[in-house]
Amino acid sequence: MSQVALVTGASSGVGESLAPLLASRGWRVYGMSRRSVDLPGVFALPADISDAEALGRAIGELKAREGRLDAVLHCAGVGGAGAVESMPTGRARRIMETNFWGSWNLCQSTLPLLRQSPRGRLLLVSSIAGHMGIPFRSVYCASKASVIALSDSLRLELQGSAVQVSCISPGDIATNSIATQYRQPAAELDPLYRARYQRADDAMAANVDHGMSASHVAEEMMRILLKKQLAPHYVIGEPVQKISTVARRLLPARAWEWILGRYYS
Ligand SMILES: NC(=O)c1ccc[n+]([C@@H]2O[C@H](COP(=O)([O-])OP(=O)(O)OC[C@H]3O[C@@H](n4cnc5c(N)ncnc54)[C@H](OP(=O)(O)O)[C@@H]3O)[C@@H](O)[C@H]2O)c1
């Protein structure tokens, strides 16, 4: 019997590459995003993950059709840029609603089914930005740090069950994410921040433009999914990006801040 997977963020980027990849390897795949998807071998299951009730209904539909769920690959997420001092709080909350509460809702709605699988797998996508505070991306960094913490807590809570949880932190990926996210107009920022904000935002957009392909990240996630034993964390990216997550923990805080400050000055 085919295994059943749910891929969130299936309408764009990594999720859009990963869902048909899994289907091509024999999985029965449900692709979730707010927009409905039309991908080879993938059943569209549209829902807004920040809406717990709508998400619950969608998972109920999957359960009624399949009666099982073996893997959740949670790629849905949103970015955003602005200064802590002036970014509209509604915009900031929206990022938290999607990245943290959306992940929370997804865990709550899928774990009862995943726990019935003899080989349940839950891969939550965070970001290298979740390992550190990047200027003018504070809410995004906080939201992705919260996904790492959620994943760590969940792994411990699930001891004694067959479900394995892992947190994936990619570096820059060349997707539409910059074009579709909220970026506070530089003119709204106090002159104290304006020039540095513009440079940081331009650098971020250029890094994403030149980032890894979504299909590469999808292949890596597929490889991780098929492992017998999942590690708590995987970082996908350039060596320097991988090293940064370790350096952040090992270096004295001021030394790390100096390095990041130089990078973003
Ligand atoms: N791109 C990067 O450089 C980068 C780097 C590190 C980490 N990441 C993370 O990696 C993951 C994939 O990134 P990506 O660049 O492939 O993303 P993307 O191309 O921007 O696509 C985001 C996906 O999330 C879905 N989504 C957003 N809000 C949603 C909601 N409330 N409910 C359901 N679905 C929602 C979108 O679909 P709808 O709009 O149709 O809902 C879309 O399918 C994200 O978690 C992102 O934060 C990205």
Side-chain angles (χ1 to χ4, degrees), residues 6-21 30-39 42 44-59 72-81 91 93-106 109-110 123-132 134 137 139-148 150-151 167-183 201 203-218 220-221 233-238 241-242 244-245:
L6 172 69
V7 178
T8 70
S11 64
S12 173
V14 176
E16 188 182 19
S17 287
L18 183 56
L21 178 66
Y30 286 77
M32 180 175 280
S33 42
R34 288 164 300 182
R35 288 166 289 164
S36 187
V37 296
D38 183 8
L39 297 167
V42 177
L45 191 65
D48 182 337
I49 55 166
S50 66
D51 179 343
E53 281 185 16
L55 177 58
R57 280 195 299 276
I59 300 303
V72 174
L73 300 109
H74 178 32
C75 306
V78 288
R91 296 283 191 175
R93 276 189 191 278
R94 190 65 215 141
I95 294 170
M96 242 17 211
E97 286 293 337
T98 305
N99 295 356
F100 176 68
W101 291 108
S103 303
W104 173 270
N105 293 337
L106 191 71
S109 60
T110 60
L123 303 191
L124 298 171
V125 177
S126 174
S127 167
I128 286 180
H131 294 255
M132 59 194 74
I134 294 173
R137 299 264 160 187
V139 194
Y140 180 68
C141 293
S143 72
K144 289 300 188 178
S146 76
V147 173
I148 296 172
L150 176 67
S151 160
C167 191
I168 316 284
S169 296
D172 301 305
I173 317 165
T175 66
N176 263 342
S177 66
I178 288 284
T180 53
Q181 67 186 233
Y182 171 76
R183 288 149 84 198
D201 196 44
M204 183 64 69
N207 288 345
V208 168
D209 257 4
H210 297 106
M212 302 171 279
S213 68
S215 57
H216 170 71
V217 179
E220 286 293 291
M221 286 184 67
H233 299 279
Y234 294 94
V235 178
I236 304 174
E238 301 292 328
Q241 293 180 319
K242 290 185 178 176
S244 72
T245 62

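Remember, it's 1-based here, ligands and their atoms both numbered in the order they're listed. Since the model is a prediction, treat every value here as computed from it, not as a measurement.
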Fill in the blank from the handout: Note: ligand 1 atoms sitting under 4.0 Å from heavy atoms of S126 are 7 (C), 9 (C)
Handout entry: Identity and distance of the protein heavy atom lying nearest atom 26 (N) of ligand 1
Key = A76 CB, 3.9 Å
Practice task
Could you tell me the residue and atom name of the protein heavy atom closest to atom 34 (N) of ligand 1, and the distance to it rounded to 0.1 Å?
Solution key: S33 CA, 3.6 Å
Handout entry: Per-atom contacts of ligand 1 with G13, taking only distances under 4.0 Å to non-hydrogen atoms
Key = 16 (O), 19 (O)
Exercise for the section: Would you check whether G9 has a nitrogen or oxygen atom less than 3.5 angstrom from a nitrogen or oxygen atom of ligand 1? Expected result: yes
Problem - Contact (N/O only, under 3.5 Å) between S11 and ligand 1 - result: yes
Exercise for the section: Classify the contact between T98 and ligand 1 as side chain, backbone, both or neither, using a heavy-atom distance cut-off of under 4.0 Å. Expected result: side chain
Exercise for the section: Report yes or no: does A10 have a heavy atom closer than 4.0 Å to ligand 1? Expected result: yes
Exercise for the section: Show which atoms of ligand 1 fall inside a sub-4.0 Å distance from at least one heavy-atom site of K144. Expected result: 44 (C), 45 (O), 46 (C), 47 (O)
Practice task
Please say whether S12 places an N or O atom under 3.5 Å from an N or O atom belonging to ligand 1.
Solution key: yes
Exercise for the section: Determine whether the side chain, the backbone, both or neither of A47 has a heavy atom under 4.0 Å from any heavy atom of ligand 1. Expected result: backbone
Practice task
Please report which non-hydrogen protein atom sits nearest to atom 27 (C) of ligand 1, along with the residue it belongs to and the distance in Å to one decimal place.
Solution key: R34 NH2, 3.5 Å
Handout entry: Polar proximity ligand 1 side, V208 side, N/O cut 3.5 Å exclusive
Key = no
Practice task
Look at the aromatic rings of F100 and W104 and report parallel, tilted or perpendicular, splitting at 30° and 60°.
Solution key: tilted
Fill in the blank from the handout: Among non-hydrogen protein atoms, atom 47 (O) of ligand 1 lies closest to Y140 OH, 2.9 Å
Handout entry: Element-labelled atoms of ligand 1 that are located less than 4.0 Å from some non-hydrogen atom of V14
Key = 16 (O)
Exercise for the section: For D172, counting its heavy atoms only, list the atoms of ligand 1 lying under 4.0 Å from any of them. Expected result: 3 (O)
Completion exercise
Looking only at protein heavy atoms, what sits closest to atom 6 (C) of ligand 1 is P170 O, 3.3 Å
Handout entry: Protein heavy-atom partner closest to atom 40 (O) of ligand 1 - residue, atom, separation in Å
Key = R35 NE, 2.7 Å
Problem - Nitrogen or oxygen of V125 less than 3.5 angstrom from that of ligand 1 - result: no
Practice task
Before signing off on this row, confirm whether C75 and ligand 1 have an N or O atom pair separated by under 3.5 Å.
Solution key: yes
Exercise for the section: Examine I49 against ligand 1 and note whether any of their N/O atoms are separated by less than 3.5 Å. Expected result: yes
Problem - atom 5 (C) of ligand 1: nearest protein contact (heavy atom, Å) - result: G171 O, 3.0 Å
